Amino acid sequence: MANRAVPQRPNGQTPGKICQFKLVLLGESSVGKSSLVLRFVKGQFHEYQESTIGAAFLTQTIHLNDVAVKFEIWDTAGQERYHSLAPMYYRGAQAAIVVYDITNQDTFERAKNWVKELQRQATPGIVIALAGNKLDLNNMRSVQTDESQTYAYENGLLFMETSAKTSANVTEIFKAIAEKLPKNETTNAAQQGRRLVESEAGNKSLSSCCK
Amino acid sequence: MMSFKKGHFRIGEAELKCKKGNGCDYYGNPQWDGFCSKCYKDVQKQRRINMSPKKVQMNKISSKQDSKKIGLTEKKSKLSYLKMFNTIKSKDEISEKTKKDYDPLITKQLDQVDSEYSLILSEPKSLRVDLKKQIRNFCQMMMSHLQSPVDIQSELTQHFYQNVLDMLNNYSHEELSHETKEQILDYTEKYSMIKLYKFLFCMTLADEDEDLGIQKRIRQLNWVNAKHLDCDIDKTNAQIIELVYKAILELLDMDSATAPQDKLACVVRCCRHIFGVLQGGNNGVKGPASADDFLPVLIFVVLKANPVRLKSNLHYVTRFCNASRLMSGEAGYYFTNLCCAVSFIENINAELLSMNTEEFEQYMSGTLVSDTWDSALIICEGMHQMCEQLALLADLKRRNIMIVEDALKFKKEMSSFRENLMGQFAVLKEVYTIVDDNDQIEKKMSVSIDDFDPLCSNLPQWTMTPQVVQPTERTRTNSSCTDGDSWDIHSAETVSLHSLDSNMVPENNTNVERILENTINPQPHLNEIQEISIQGWQIPSIPCETGGKIITNTENNI
């Protein structure tokens, strides 16, 4: 795999060649977050390779012009009970994909909450994409494209309806994110360190305010 | 916790034993300089005796410090509820510590790190020198900042990492590859952190309190089982249980690692085992597990492991590990998950476990006791052990049966051999009886010679005498027959003795046959006899051996 050879950490990146970004996946548990990523990373749906033991942490590199954009994809637990833990995951993330299921209105409402939370608490300038998954179940649709389109437009989100099963729009949404990400950003380890410590301190108040 | 097999910890038993070593089998204690109480007393006495009068005053001071130290530790417990003091251990204590111990264990670890990275560091020599200098400066700086708040210490450390990275980036001599830089950074971090571990790990009262808090909390939550957390663990599958144990072990092992990346590596290994657990589950399609499945199992593992100084370990890693490592990469991801799991455990309530508040309270207060996973695990452990032992027994049984079978077979072979032998002898006897019948005097003579033989068969002189005696009997025609018989046996024996000279046999055979031409019909028997004597030459009780020898002489005479 091409991305295996690519170094792991963002600091010390070769300028103009490889950009590494942390991307978090948010969304309720049954919307197909991990299927989406697996489709993107491995080109698979259901037939998994033996070597893939987890879909929770994956990396994939895509090429835009002469820039290699390496995504480090962090999956999050979607269950409601783990909602309060999400800030720990999206801390320091440069991009996020909020996934909902087009056949399930509730998941869309949850997705809206995620977006709100991200805009309020995540790294300023985080690129947020909204993905309406399970496009292959179009006939069972309960969230209309127009509705989510408008919502995305109002909130400045990237929006696409995807299908992990047919792989429709899967690579496209990642590409769109890659294009929107600032490519000349130099990730500063020291800044990150400070940020980490601060958020560490602010962690408790955060979790208590979620209660 | 229950006993784990295959447990491996980084601290060997020998390192825990009393430093005095030979003869003393007790465990040492760091407070007593690694001696056991008895040896420490002895050492103290020695020291006091060795102390010259000039130094007595100093001794007084240090004893004063000792008393101060004791006072401090007492105070420490008193202060614990006053959380206003972030750093507690007094300067005296720390500086004393630094002077006192150059722990051989740490030196050993450092040497290990050095040799581990020696290949990368060997290339540009100036780099190595620079790096060492940087590390030394950093360590000195940190030692002077031991009393600063941990946040500042952490900041300094991160700054140091950044400095080293800058140095590597601007390294003039040659362009270093990204990989090399990473590894050099790793080395720097590992080396300096192992060196400073004692002073940076778990140094604040707040940390200690948090450790105890979470430990107590987890103990209270011991009734939480896999079902409460909705995790998919196949309790009946021995392999899965094994993996759960491995994950728990790795998590427990985190405390004994010193460098932040070693601690992270423990977390990563633990999480990999968890993915193994998830893949082995029996629920639907088993593909790569997502975070939805992963986090609950991790929480479960943390609950069941209840690692010591958990919070301290987490704080230590967040503060002193290269921050970029925590923000990205697999290790960073798993570590974040672990933090999430701990945070979840801290905030666990009835709602989060989807049960009603009353029930939750009852469980927490201990009035309601469920079939805890602990007991389930104990049973499973028992079952597992039983299975293993049964397998062992089965194997032993199989081997035993094999041995018995072989023994029987051998016995049968032996008895058949014996029978065969006896049969052959019967035939042989028959041959002899014929001879006896024909010539009784001959027999008598041979028997009488038999009796003497064991003592003097090897004496050449004795063999000479018959030469004188024999010529008188030469006229008997049948004597040649017996001579031939026994001679053949004898020759067969010598053949078997020098089995390598097998070409001897046909020669002798022709000889025999030539001699036997005028005998009646013992030829078929003779062949058999030859075979037997080849096999059974060692058996000493063959009566014809002696006869053979004696008669050989007679043959010679002919």
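Order of the sequence lines sets the chain letters (A, B, ...), proteins ahead of strands, with each chain counted from 1. The model shown is predicted, which means the values in this text are computed figures rather than measured ones. No hydrogens, no waters, no symmetry mates; every other heavy atom, side chains included, goes into these values.
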NZ of K180(A): more than 12 outside heavy atoms within 6.0 angstrom? yes
For M88(A) and C340(B) the tightest heavy-atom approach is SD-SG, 3.4 Å
More than 12 heavy atoms of other residues, nucleotides or ligands under 6.0 Å from CD of E351(B): is that the case? no
Check the surroundings of atom NZ in K112(A): do more than 12 heavy atoms from other residues, nucleotides or ligands lie under 6.0 Å from it? yes
Atom CG in D293(B), atom CD in Q79(A): separation rounded to 0.5 Å? 7.5 Å
Looking at S290(B) and D75(A), what are the two nearest heavy atoms and their distance? CB-OD2, 3.4 Å
Which residues share a side chain to side chain donor-acceptor pair (under 3.5 Å) with K22(A), sequence neighbours left out: none
So how far is it from F344(B) CZ to R81(A) CZ, rounded to the nearest 0.5 Å? 5.5 Å
Using 0.5 Å steps for rounding, measure from the CD1 atom of I73(A) to the OH atom of Y333(B). 11.0 Å
Where on I299(B) is there a heavy atom nearer than 4.5 Å to chain A: the side chain, the backbone, both, or neither? side chain
Can you tell me how far CG of N337(B) sits from CH2 of W74(A), rounded to the nearest 0.5 angstrom? 8.0 Å
Do the non-hydrogen side-chain atoms of R91(A) and M327(B) ever get within less than 4.5 Å of each other? yes
Could you list the residues that satisfy side chain to side chain donor-acceptor pair (under 3.5 Å) with Y316(B), not counting sequence neighbours? none
Per-residue contact mode, D166(B) against chain A (heavy atom under 4.5 angstrom): neither
Considering residues, nucleotides and ligands other than Q239(B), do more than 12 of their heavy atoms fall under 6.0 Å from its CD? no
Between the OG1 atom in T336(B) and the CZ atom in F57(A), the distance rounded to the nearest 0.5 Å is 10.0 Å
Restricting to non-hydrogen atoms, name the atom on D292(B) and the atom on G78(A) that form the minimum distance, rounded to 0.1 Å. OD1-N, 2.6 Å
Please flag which part of S29(A) lies under 4.5 Å from any non-hydrogen atom of chain B: side chain, backbone, both or neither. both
Non-hydrogen side-chain atoms of S343(B) and L85(A) separated by less than 4.5 Å: yes
In terms of heavy-atom contacts, does CE of M355(B) have more than 12 from other residues, nucleotides or ligands at under 6.0 Å? yes
Nearest heavy-atom neighbours spanning Y82(A) and L229(B): OH-O, 4.0 Å
